[in-house]
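Here's the structure, in structure tokens; my notes come after.
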Amino acid sequence: MPIAYNQRTCYCGQVGPHQAGQSVIVAGWVHNRRDHGGMVFIDLRDREGLVQLKFNPETDPKAHETAGKLRSEFCVCVRGDVALRPQSMINPKMRTGTVEINVHEIDILSASETPRFMVEDEINVNDELRLEYRFLDLRRPTMQKSLITRHRAVKIIRDYFNDQGFIEIETPFLTKSTPEGARDFLVPSRKQPGMFYALPQSPQLFKQLLMMSGFDKYMQIVRCFRDEDSRKDRQPEFTQLDVEMSFVQVDDVLNVAEGYLVRVWKEILGVDVPRPFVRMSYQNAMDDYGIDRPDTRYDLRIKDVTAVCRKTEFKIFTGAIEKGGVVRCIRVPGGADMSQNEIEKADNSLQNILKGIGAGGLPYVKVDVAQPPSAGSSQPGAAVPYALKTGVAKFFSPELTAELCAATGAQAGDALFFAADTIDNVCKYLARLREEVARRRNLIPAGLWNFLWVIDFPLLEHHAEDNRYYAVHHPFTSPMDEDVHLLESDPLKARAKAYDVVVNGVELAGGSIRIHRADVQSKIFKLLSLTPEEAELKFGFLLKALRHGPPPHGGFAMGVDRLVMLLCGLDSLQDTFSFPKTAEGYCPMTVAPSPVDQKQLDELSIRLAPSVKK
RNA sequence: GGGGCCGUAGCUCAAUUGGUUAGAGCGCCGCCCUGUCACGGCGGAGGUUGCGGGUUCGAGCCCCGUCGGCCUCGCCA
């Protein structure tokens, strides 16, 4: 009689001393086998963990014989008694290490080929192989934890938003291609040859239309698609929590978002996140951190030293300033101990990293205590407290040195790293430098969660290439009421009712209050160089809806994959997906994308370009 | 789309200046072993060096192409 595996009594990882003496049925995969010729030990694994099985040839010869045939990843079911291990045989490294199961009966439910890699957490296997054998990869405890955490976070989303009166509504995947934004994934229409649907980059317009339909609190956990190159923190299809509310101002939306985040951090990590979150203006973030998603766990704030550097004879500084640029710097406390190799020589030196993103170089100085003029003289450093050495020190006179130290708060033993260029480039370089220095010098405190709202984003940005404005957030974002008049006079000065949640330097969510007036929306389209005809063609349905009593509304979207990455402390977004794709958008397991039959192409009226090889 | 690095046993990696029979650890297979938990001991098998072409007396190594992976810039409202 086979063991009734459907009457499994508990998970392997949950067997404990409270069951001592009880008969149990467990099922799982063979993790490890230790065969002593006589006694055989098996670690059996299921989604909750491992438990040690013991096979004794004297008491259970038949089970012991079967145990000898077991190999890695065989799927088995056993019946046995839970026993407390003798004191000296307790394994403190195992959660179930105080007990073991004396097996009386075992069934091999299925055998396994030798796995291509071992199912354990500390593996060193290339990603492609992991993805090809994703079903094995997902057996690893960290991957199980990741997907289970994902489930819990999503469950909390549904509970929380349901409690708050939100309604989950689905929106189409086969929809209309939207201009701007990322590249669309296209789906050809069979019934209308030559026509294409696009997969949604987000349900943005649908959720706004639902507001116009009167569902004043909407949410959805929804797949979004963007056909751009993948990265460690990016996949072509990803999941968003999408939220929209009517009759709200910025604070109302921030409150709802904070409420969820606080709850999920408490329930999953047991961490109390203080509310309300700190708010920082976009301008403040750019000035102090050079980036719109600052990691505030460490200081290293950027200081503007344009005024001081203007007085130097250093062409790199003065040249940049003459062209309308700025000079800014980061003070690294104690940074004088950094080697020349680390700063500018090594392949991965700070300078080379910055050169990699376009910087010309990395001017720097180290701050030292000033030497007295001669050995005999007293009052060392009384007039000039500090002196600079190395790098571009020679361009700073004692007076300028004093000014520089005053402007940056630099003290003896510090290093100052400069960037001189346009404001945009200086921000880009120093933001990167900040991150790199913090990581290398271990300035990032462990266990800290810094939640931050970045607010007061500009509404528009200007691109020189095509000499036109682009929406910073998206074209439906409302300008601030007091800035509406700037749309005529100085559009780049207009601020948006937009906001991002940043956690430890990761942009986790973002949103805005939307335009709910047709005239304002038309004005924005015009600024974005859309003619009324184009606007009608592309967004006619939105403009039509805006003429039928739209409520004021706004919302946000949160990256669920990034959320799970943060909660699990993962450094790869791939590990939060069940079946992710490579950087080329390829799935090694299913071998997708792949060619299709000529018949399918014919039905879609699609002919492949001659350059496409079969 | 641009640039860089990489591809050798099931896995992770070696292989001197282009030179003998391409090695190691882990895994795998066999035998032995009654308290292991990274069990241990002895023995063994396992290779079209991603693929295609070229240079050379000779190519894992050099050159060209191609496929794939990773990093990076661009892109990602």
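Note on naming: letters A, B, ... go to the chains in the order of the sequence lines (proteins, then strands), and numbering restarts at 1 for each one.
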Query - A/Pro580 and its side chain to side chain contact (heavy atoms under 4.5 Å, CB included) partner, picked from A/Leu131, A/Asp575, A/Asp561, A/Asp127 - result: A/Leu131
Regarding [N], can its base be found pairing with the side chain of [X] as donor and acceptor, where the two atoms are less than 3.5 Å apart?
X	N	result
A/Glu100	B/G35	yes
A/Arg85	B/C37	yes
A/Arg116	B/C11	no

Round to a whole Å and report the spacing from [atom1] of [X] to [atom2] of [N].
X	N	atom1	atom2	result
A/Glu120	B/C11	CD	C1'	11 Å
A/Asp233	B/C71	CG	C1'	13 Å
A/Asp35	B/G27	CG	C1'	17 Å
A/Tyr133	B/U12	OH	P	12 Å
A/His36	B/C31	NE2	P	17 Å

Under a 3.5 Å limit for both distances, which nucleotide forms a Watson-Crick or G-U wobble pair with [N], could you say?
N	value
B/C5	B/G69
B/C61	none
B/C29	B/G43

Nucleotide nearest [X] (side chain, heavy atoms from C-beta), chosen from [options]:
X	options	value
A/Gln52	B/C70, B/C75, B/C37	B/C37
A/Asn126	B/U36, B/U12, B/C28	B/U12
A/Arg34	B/U36, B/G74, B/C70	B/U36
A/Met118	B/C73, B/C70, B/C26	B/C26
A/Asp43	B/C70, B/U12, B/C37	B/C37
A/Ser72	B/C70, B/C28, B/G35	B/C28
A/Glu584	B/G69, B/C76, B/C11	B/G69
A/Ile357	B/G35, B/C73, B/G69	B/C73
A/Glu128	B/G35, B/C76, B/G68	B/G68

Salt bridge check, [Y] against [X]: does any charged N sit closer than 4.0 Å to a carboxylate O?
X	Y	value
A/Asp60	A/Arg79	no
A/Arg139	A/Glu73	yes
A/Arg34	A/Asp43	yes
A/Glu237	A/Arg223	yes

Could you tell me how far [M] sits from [N] if I compare only their [atom1] atoms? Round to whole Å.
N	M	atom1	answer
B/G23	B/A45	P	13 Å
B/G52	B/C13	C1'	26 Å
B/G53	B/C71	C1'	29 Å
B/U55	B/C63	C1'	7 Å
B/A14	B/A22	C1'	10 Å
B/C75	B/C28	P	49 Å
B/U49	B/G44	P	25 Å
B/G27	B/C11	P	15 Å

Query raised in the report: Hey, which of these two, A/Thr582 or A/Pro115, hits RNA chain B nearer its 5' end, going by closest nucleotide?
Result: A/Pro115
Report task. Return the 5'-most residue of the pair A/Gln204, A/Arg71 with respect to RNA chain B, ranking by each residue's nearest nucleotide. Result ->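 The residue mapped nearer the 5' terminus is A/Arg71.
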**Report entry** Between CG on residue A/Leu199 and CG on residue A/Leu174, distance to nearest 0.5 Å
**Finding:** 7.0 Å
**Report entry** Spacing of CG belonging to A/Leu546 relative to CZ belonging to A/Arg517, to within rounding of 0.5 Å
**Finding:** 11.0 Å
Contact class for [X] (heavy atom, under 4.0 Å): base, sugar-phosphate, or nothing?
X	answer
A/Asn124	sugar-phosphate
A/Tyr586	sugar-phosphate
A/Val40	nothing
A/Lys54	base
A/Ser202	base

Requested in this report: Please check if the side chain of A/Lys581 supplies one atom and the backbone of A/Pro236 the other of a donor-acceptor pair under 3.5 Å.
Outcome: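 Flag not set: sc A/Lys581 to bb A/Pro236 has no pair under 3.5 Å.
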Listed pairs, N/O of protein and of nucleotides 1-9 of chain B, under 3.5 Å:
unit_1, atom_1, unit_2, atom_2, d
B/G1, O6, A/Asp229, OD2, 3.1

Query raised in the report: B/C11 base stacked by A/Phe117? Criteria: ring centres under 5.5 Å, plane angle under 30°.
Result: no
Report task. Could you check whether the rings of A/Phe457 and A/Tyr282 sit parallel, tilted or perpendicular, using 30° and 60° as the cut-offs? Result ->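 Aromatic pair A/Phe457/A/Tyr282 classed tilted.
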Side-chain N or O of [X] less than 4.0 angstrom from OP1 or OP2 on [N]?
X	N	result
A/Lys428	B/G74	yes
A/Thr114	B/C28	no
A/Asn32	B/C39	yes

Query raised in the report: Would one find more than 12 heavy atoms of other residues, nucleotides or ligands at under 6.0 Å from atom CZ of A/Arg130?
Result: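 More than 12 within 6.0 Å, yes.
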Query - Nearest atoms (heavy-atom pairs only) where A/Asp229 meets A/Arg234 - result: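 Between these two residues, the closest heavy atoms are O-NH1, 2.8 Å.
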